Amino acid sequence: MHLRTCVTTSDSIIKMGVFKTFITNTSSVKTGFRVRHGILNEIAKTWLVSSRNLYNPVEKKWQKPVGYDTGIKIYNSLTKQKETLVLARERIATWYSCGPTVYDHAHLGHACSYVRFDILQRILSRIFAVNIIHAMVITDIDDKIIHRSLEENMSPTVLARMHEEEFKKDMEALRVLPPAVYMRVTENISLILTFIERIIGNGHAYVTSQGNVYFDTKSIGNRYGKLVNLGGVVGEQGMQDKNEARDFVLWKASKPHEPYWESPWGKGRPGWHIECSTIASSVFGSQLDIHSGGIDLAFPHHENEIAQSEAYHQCEQWGNYFLHSGHLHLKGSAEKMSKSLKNYITIKDFLVSYTANEFRLFCLLTKYRSGIEYSDASMNEARSTLSTISAFSHCAQAYMKGFLQCQSVEEDSLWERLSATQASVRHALADDFDTPKALDAVMSLIHLANCQLQPVTKADGPRSPAVFGAMLSYVREIMDVFGVDLLNRTEVNDSSGILNNLVEELVHFRSEVRKFALSVEDQALHSAQSDSATQRRLCRPDRVPLLKACDVLRNNLAPLGVDIKNCTDV
């Protein structure tokens with residue numbers, strides 16, 4: 001057995017200073033980290049036999065965590081099936097996600113993944129009372145950043161900071177809740193060096209004569225490939241001095257004119273995968289509840305994170321649940337939206353034509369794991385859905401204020417339907433966050449309410465404002481859980497209260513004028529089935545100008561962001 005696999009967590013060996021001497025001896029390291037001294041080998045074998053180390057380089061089976069059972073089923077990429085979400089601590093979920101490589105503008109493909117996982121976190125927090133501790137890394141040093149900085153003749157640091165701030169503003173515009181902490185790679189180099197040193201010390205990495213450090217995938221046996229069935233040989237491109245094709249770089253020796261940091265192995269910078277393992281471990285330690293990212297990150301990035309982290313911590317299972325979102329692609333194309341394919345739309349450009357609420361609905365209409373097709377038709381579906389929800393909100397409020405007259409409603413039926421909808425939504429969200437099914441239940445409730453909110457000129461019988469108030473409160477609440485802001489709080493300022501009151505008075509005045517114009521003696525107009533065109537044909541000729549004036553006011557206010565619904569438009 002190689003010592004690389006055996007010495008692992010033997011703190012006693014490291015404390016003896018034997019291994020430390022080898023690590024600090026730069027000349028020995030540069031010739032390749034191959035320690036095979038018989039004395040150390042015997043010490044390591046003795047330690048392994050006596051300690052029964054829990055780390056098993058052969059075992060690959062997922063182990064169900066021990067802890068707090070949330071009752072929620074989620075699709076775990078580690079098992080390729082739905083598993084019960086069990087958290088290490090009651091109502092606390094540690095969550096790590098891969099952040100952006102900040103060398104360019106963020107696009108809708110990025111937005112789709114971040115918005116979808118934001119929705120999942122909101123559901124866990126608001127519906128199931130789970131507190132999310134979320135950490136995200138910002139990759140601010142990378143080949144792409146270096147190349148772009150050379151093209152634009154600016155410092156890689158300045159370039160990265162510019163696009164980092166732009167990314168954060170884009171996320172804010174999309175109402176993505178920020179993580180508890182953003183952590184930059186360049187501010188954690190010392191932690192990364194320590195992390196790599198320990199992986200080497202644990203026998204799972206080696207240094208080449210060129211100053212590169214690679215993870216030794218053979219050292220963990222068939223544990224490599226937990227997320228993806230590797231099948232054939234898969235390796236990183238452009239690295240020629242490693243032992244095996246699947247071995248991946250932890251530390252890259254610097255090239256001329258590139259940024260670098262000093263290390264025991266010479267000047268260089270971190271590999272892509274090591275940054276996430278180090279930073280996630282620095283925040284959450286040896287156990288992580290949830291790791292999320294786009295499906296394209298499953299291999300090699302997340303696969304390599306698992307290998308590194310379990311080799312560092314010498315544990316059987318570092319991350320308990322891996323969640324992956326589906327790709328966003330343009331209509332008619334199977335390719336994902338990406339910068340490399342030059343088929344992307346920036347978030348800033350998108351928000352010129354559509355709103356954050358509409359994009360949220362667009363994401364909610366499909367399961368987070370599914371691929372999602374972006375087109376004008378799909379965005380129009382999202383816009384139409386949002387419009388229906390907003391129309392219900394306006395009509396329910398009008399009915400509660402007495403501005404809208406309806407025939408008596410089936411109140412008991414509405415209360416029952418509201419209760420059933422709440423149960424259906426919770427059940428759908430507990431089943432791998434099935435937002436399309438939950439949204440269907442909400443829209444069905446709204447449709448039923450709208451059918452009973454049909455306006456009439458003269459209402460008979462009792463009114464039922466309380467049930468519509470309850471329905472409206474629930475719809476607002478569940479949409480707020482999803483991050484859809486029906487109250488338009490994004491642009492609130494000091495004068496917003498006065499402006500809202502002014503608009504409300506204006507809408508009320510128009511409603512009274514329109515009601516007066518439509519009030520006639522003809523009993524045919526008392527039917528809830530008569531549409532506005534029929535009403536206009538039958539109303540008194542001297543009142544037609546009033547109806548036209550109401551229409552003009554409505555049309556003139558629409559471009560200013562005031563959307564007046566006649567409830568018959570729903």
Side-chain angles (χ1 to χ4, degrees), residues 72 74-78 85 87-88 92-102 106-125 130-140 142 160 163-164 166-172 174-185 187-188 191-192 226-227 270 272-285 287-306 308-309 318-328 336 338 347 360 363 367-369 372 432-433 483:
I72 304 166
I74 64 174
Y75 185 88
N76 190 356
S77 295
L78 286 169
L85 177 61
L87 304 173
I92 300 290
T94 55
W95 187 310
Y96 178 80
S97 62
C98 302
T101 301
V102 283
H107 58 67
L108 284 190
H110 302 131
C112 187
S113 181
Y114 291 119
V115 167
R116 282 171 149 182
F117 285 123
D118 178 71
I119 291 170
L120 266 56
Q121 291 183 352
R122 287 170 178 266
I123 290 169
L124 277 174
S125 176
V130 173
N131 296 306
I132 307 295
I133 307 173
H134 181 201
M136 180 185 290
V137 69
I138 298 289
T139 302
D140 60 344
D142 175 84
H163 289 298
E164 177 186 334
E166 183 183 28
F167 167 79
K168 290 177 180 177
K169 288 178 181 177
D170 284 342
M171 293 300 102
E172 183 180 8
L174 293 171
R175 282 197 292 281
V176 173
L177 297 174
V181 61
Y182 285 110
M183 298 184 73
R184 299 184 182 120
V185 173
E187 294 174 348
N188 289 276
L191 290 177
I192 292 172
K226 282 191 169 186
L227 278 175
W272 175 31
H273 317 298
I274 195 67
E275 64 189 47
C276 287
S277 294
T278 301
I279 290 174
S281 295
S282 74
V283 179
F284 301 120
Q287 193 69 67
L288 177 67
D289 290 319
I290 300 172
H291 194 309
S292 65
I295 188 61
D296 53 316
L297 296 178
F299 186 84
H301 189 48
H302 293 166
E303 191 71 64
N304 293 349
E305 279 187 64
I306 293 172
Q308 293 166 156
S309 299
W318 169 62
N320 290 331
Y321 301 89
F322 275 76
L323 309 185
H324 291 106
S325 61
H327 286 150
L328 180 138
K336 71 169 184 174
S338 70
I347 296 171
R360 288 252 163 184
C363 292
K367 294 183 179 180
Y368 76 94
R369 291 192 290 116
I372 185 168
D432 196 30
F433 310 104

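No experiment lies behind these values; they were computed from the predicted model shown. What you see below is based on every heavy atom in this structure, not just the backbone, and it leaves out hydrogens, waters and symmetry mates.
- Legend: residues meeting salt bridge (charged side-chain N to carboxylate O under 4.0 Å, His left out) with Asp170, ordered by chain and number and at least two apart, are absent.
- Considering all non-hydrogen atoms of both residues, Gly293 and Leu297 come closest at CA-CD1, 4.3 Å.
- Between the side chain of Gln308 and the backbone N or O of His273, at least one donor-acceptor pair lies under 3.5 Å.
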Worksheet item: Given the rule in the side-chain contact (heavy atoms from CB on, under 4.5 Å) test, do Tyr368 and Ile119 qualify, once you have shown the distances and angles that lead to the verdict?
Response: CA-CA 9 Å; Tyr368 76 94; Ile119 291 170; over 6 Å; no
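- Across Trp318 and Gly285, no two heavy atoms sit closer than the pair NE1-O, 3.9 Å.
- Of the residues Arg175, Arg360, His134, the one that meets the side-chain hydrogen bond (donor to acceptor under 3.5 Å, both in side chains) test with Asp118 is Arg360.
- Heavy-atom minimum distance, Leu227 versus Ala298: CD1-O, 3.7 Å.
- In this structure, the separation between CD on Glu305 and NZ on Lys226 is 13.5 Å, given to the nearest 0.5 Å.
- A distance of 12.5 Å separates CG in Asn188 from CD1 in Ile274, rounded to the nearest 0.5 Å.
- Considering only heavy atoms from C-beta on, Leu120 stays 4.5 Å or farther from Ile74 through its side chain.
- If you take OG on Ser282 and CE on Met183, they are separated by 4.0 Å, rounding to the nearest 0.5 Å.
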Worksheet item: Would Ile92 and Asp289 count as a side-chain contact (heavy atoms from CB on, under 4.5 Å) if you check the C-alpha gap in whole Å, the side-chain angles of each, and the deciding distance to 0.1 Å?
Response: CA-CA 9 Å; Ile92 300 290; Asp289 290 319; 5.7 Å; no
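- Taken from NE2 in His163 to CG in Asp140, the straight-line distance is 13.0 Å, to the nearest 0.5 Å.
- Judged by distance alone, the side chain of Asp432 and the main-chain N or O of Tyr75 form a donor-acceptor pair under 3.5 Å.
- Here Phe433 pairs with nothing under the ring pair (Phe, Tyr, Trp, His ring centres under 6.0 Å) rule; sequence neighbours left out.
- Of the possible polar contacts, none joining the Thr278 side chain to the Leu191 backbone as a donor-acceptor pair under 3.5 Å is found.
- Closest heavy-atom contact between Ser309 and Ser281: OG-OG, 4.5 Å.
- Phe167 pairs by the ring pair (Phe, Tyr, Trp, His ring centres under 6.0 Å) definition with Tyr114, not counting sequence neighbours.
- Residues satisfying the salt bridge (charged side-chain N to carboxylate O under 4.0 Å, His left out) test with Arg184, not counting sequence neighbours, are Glu164, Glu187.
- Listed by chain and residue number, His302 satisfy the ring pair (Phe, Tyr, Trp, His ring centres under 6.0 Å) test with His324 (two or more places apart in sequence, or in another chain).
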Item to complete: Begin from the C-alpha positions of Val185 and Ile192 and carry the test side-chain contact (heavy atoms from CB on, under 4.5 Å) through to its verdict.
Response: CA-CA 9 Å; Val185 173; Ile192 292 172; 4.0 Å; yes
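- For the residue pair Ala111 and Ile347, the shortest heavy atom distance occurs at CB-CD1, 3.7 Å.
- By the 30° and 60° cut-offs, the orientation of the rings of His301 relative to Trp272 is parallel.
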Item to complete: Kindly determine whether Arg122 and Ile132 satisfy side-chain contact (heavy atoms from CB on, under 4.5 Å), including the steps that lead there.
Response: CA-CA 9 Å; Arg122 287 170 178 266; Ile132 307 295; over 6 Å; no
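- Distance check: Ile290 CD1 to Leu87 CG gives 6.5 Å after rounding to the nearest 0.5 Å.
- In this structure, NE2 in His291 is found 10.5 Å from CG in Leu323, a value given to the nearest 0.5 Å.
- Side chains of Val130 and Trp95 form no contact here, defined as non-hydrogen atoms less than 4.5 Å apart.
- Residues forming a ring pair (Phe, Tyr, Trp, His ring centres under 6.0 Å) with Tyr321 (at least two apart in sequence, or on another chain): Trp62.
- Taking every heavy atom of both residues into account, Val115 and Val176 meet most closely at CG2-CG2, 3.8 Å.
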